[in-house]
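Some notes on the structure that comes next.
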Amino acid sequence: MTESKAMILGCSGLSLTSEEKAFYRGERPWGFILFGRNISEARQITDLVAELRDSVGWHAPVLIDQEGGRVQRIRPPVLARYPSGQTLGDLYRRDRMLGLRAAWLMSRLHAFDLSSLGIDVDCLPVLDVPVEGSSNVIGDRAYGGDPETVIAMGRAVAAGLKAGGLLPVMKHMPGHGRGFADSHLELPVVTVSRDELELHDFPPFVAMKDELMAMTCHVVFAAIDPDNPATTSRKVIDGIIREHIGFNGLLLSDDSSMNALSGTIGERAANIIAGGCDIVLHCNGNMDEMLDVVANVPPLAGISLARAKAVEAGFAAPDTSDEAELRAEFEAMFATV
């Protein structure tokens, strides 16, 4: 197989256009990501996933943000609506073991849901630790406001996904919880000391550093690199993510079309690779933008290729737990929520 390029791309609609099929076949993205615009009903999703993989000629990873709460790309009536991370965290704060069980169960149910549609990567857990007054872009997506809660719940969530044969993507490394702006719209700048970041923001990622995939945040950490957001910062990626946190897995950028990043889409893609990310993520399916991305992204090679191969080898068959039994248990936990 010809090696893939260092990018994950979206598509425009419910099925692939002939232009998209030819484009993916020629440009060979390593993976794909689905959004709400790509979702209609279950058969359509499985057909789209099959089209995407057929276009590149191999079982490319297909990702989705299926958290629960506000960020759930596949919703009723196709899939059940799930509670937010904060709701799970509230249960954990009332009853620690029950909260951990709920977090594991919900992720296990995500795995049942998504694997039945051909999707094999869920961009979860959210390991950001918000502070008071920070942007609602994280908000109730977080499990709690202290690193200990986030670590415990994040581990349970990742374990549930992997038990169901899916792989998790930790986000948003090394921490979006202190951002006072929505990085979809503008660039957040965090001004606290590195010592404070090491106490509050980084610990969940340190605790889960052995996971295979993580996604960066478009946040400037002024104490580390005042000139570049984490996604394009060698100082953050080499000095914090790789060295301090100790993460050696596949590092994906957050969406390169978000307004926190400056420059053209092509310049952003080039800066993401130059900054040390392994994979450029581009989500909106806009063909003109994707053409700019592919012109600035190399084939996967070296350590980035090795990390991608480790991910490909990391997919496992799910356990044989009874879906109906687990779903009933989970629903009973939240019958009055």
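As the structure is a prediction and not an experimental result, all values here were calculated from the model.
- Not a single donor-acceptor pair under 3.5 Å links the side chain of N38 to the backbone N or O of L14.
- Within the 4.5 Å cutoff, the side chain of D201 has no heavy atoms near those of the V129 side chain.
- Rounded to the nearest 0.5 Å, atoms CG (D90) and CD (Q86) are 5.0 Å apart.
- Inter-residue side-chain proximity for I64 and D122 is flagged as met; some heavy-atom pair is nearer than 4.5 Å.
- Counting heavy atoms from C-beta on, the side chains of P229 and V219 never come closer than 4.5 Å.
- For S84 (side chain) and R141 (main-chain N/O), no donor-acceptor pair under 3.5 Å exists by modelled atom type.
- Side-chain contact between P174 and F221 is present, with at least one heavy-atom pair separated by less than 4.5 Å.
- The backbone N or O of V62 sits less than 3.5 Å from a side-chain atom of D120, completing a donor-acceptor pair.
- No side-chain heavy atom of L9 sits less than 4.5 Å from a side-chain heavy atom of E27.
- In this structure, L34 CG and C11 SG are separated by 6.0 Å, a value rounded to the nearest 0.5 Å.
- Here side chain to side chain donor-acceptor pair (under 3.5 Å) pairs that include residues 155-166, with residues two or more places apart or in two chains, are K162-E211.
- Not counting sequence neighbours, the partners of D146 by the side-chain contact (heavy atoms from CB on, under 4.5 Å) test are E148, T149.
- Checked by atom type and distance alone, the side chain of R178 never pairs as donor or acceptor with a backbone atom of V131 at under 3.5 Å.
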Would you tabulate the side-chain donor-acceptor contacts of residues 289-303 under 3.5 Å, counting partners in other chains and residues two or more places apart, or write 'none'?
unit_1: E289; atom_1: OE1; unit_2: H282; atom_2: NE2; d: 2.7
unit_1: E289; atom_1: OE1; unit_2: N284; atom_2: ND2; d: 2.9
unit_1: N296; atom_1: ND2; unit_2: D292; atom_2: O; d: 2.8

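- When each of M106, E329, R96 is paired with R101, the side chain to side chain contact (heavy atoms under 4.5 Å, CB included) condition holds for E329 and for no other.
- Scored by the salt bridge (charged side-chain N to carboxylate O under 4.0 Å, His left out) test, D95 finds no partners at all (sequence neighbours excluded).
- For the side-chain hydrogen bond (donor to acceptor under 3.5 Å, both in side chains) test, residues two or more places apart in sequence or in another chain that qualify with H172 are D128.
- More than 12 non-hydrogen atoms from other residues, nucleotides or ligands lie less than 6.0 angstrom from CD of E41.
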Give the intermediate values and the outcome of side chain to side chain contact (heavy atoms under 4.5 Å, CB included) for residues I279 and L250. CA-CA 8 Å; I279 297 281; L250 191 70; 4.0 Å; yes
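- Using modelled atom types, one side-chain atom of N271 and one backbone atom of E267 make a donor-acceptor pair closer than 3.5 Å.
- Partners of R73 according to the side-chain hydrogen bond (donor to acceptor under 3.5 Å, both in side chains) rule, which considers only residues two or more places apart in sequence or in another chain, are D65.
- In this structure, the separation between CD1 on I245 and CD on E198 is 9.5 Å, given to the nearest 0.5 Å.
- Counting heavy atoms from C-beta outward, L124 and S107 have side chains that approach closer than 4.5 Å.
- L199 and V206 fall into different hydrophobic clusters, where Ile, Leu, Val, Met, Phe, Trp and Tyr are joined by side-chain heavy atoms under 4.5 Å apart, directly or via other members.
- Taking hydrophobic clusters as Ile, Leu, Val, Met, Phe, Trp and Tyr residues chained together by side-chain heavy-atom distances below 4.5 Å, L326 shares a cluster with L98.
- Within the 4.5 Å cutoff, the side chain of R327 has heavy atoms near those of the F112 side chain.
- By the side-chain contact (heavy atoms from CB on, under 4.5 Å) test, S15 pairs with E51, sequence neighbours left out.
- With hydrogens and angles left out, the side-chain atoms of S193 and D195 include no donor and acceptor closer than 3.5 Å.
- With rounding to the nearest 0.5 Å, the separation of CG in L16 from CZ in F32 is 7.5 Å.
- In terms of the side-chain contact (heavy atoms from CB on, under 4.5 Å) criterion, S262 has no residue partners (sequence neighbours excluded).
- For D278, the side-chain hydrogen bond (donor to acceptor under 3.5 Å, both in side chains) partners at least two apart in sequence or on another chain are R242, S304, R307.
- With sequence neighbours excluded, the residues satisfying side-chain hydrogen bond (donor to acceptor under 3.5 Å, both in side chains) with T231 are T216, H218.
- Each of V71 and I33 belongs to its own hydrophobic cluster when Ile, Leu, Val, Met, Phe, Trp and Tyr are linked at side-chain heavy-atom distances under 4.5 angstrom.
- Rounding to the nearest 0.5 angstrom, the gap separating the CG atom in L212 from the CD atom in E312 is 11.0 Å.
- When the side chains of ILVMFWY residues are joined at heavy-atom separations under 4.5 Å, either directly or via intervening members, L91 and I151 end up in two distinct hydrophobic clusters.
- Take R37 and apply the side-chain contact (heavy atoms from CB on, under 4.5 Å) test, not counting sequence neighbours, and it matches F35.
- Residues W58 and L167 are members of one and the same hydrophobic cluster, defined by side-chain heavy-atom contacts under 4.5 angstrom among Ile, Leu, Val, Met, Phe, Trp and Tyr.
- A perpendicular orientation is assigned to the rings of Y82 and H110, their planes being inclined by more than 60° (bins at 30° and 60°).
- Looking at residues two or more places apart in sequence or on another chain, you find no ring-ring contact (aromatic ring centres under 6.0 Å, His included) involving F23.
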With salt bridge (charged side-chain N to carboxylate O under 4.0 Å, His left out) as the test, would you mind laying out the steps for R70 and D140 before giving the verdict? CA-CA 8 Å; R70 287 183 290 135; D140 65 1; 2.9 Å; yes
Give the intermediate values and the outcome of side chain to side chain contact (heavy atoms under 4.5 Å, CB included) for residues I119 and Q66. CA-CA 11 Å; I119 299 166; Q66 190 78 350; over 6 Å; no
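- Using a 4.5 Å heavy-atom cutoff, the side chains of F330 and R108 are not in contact.
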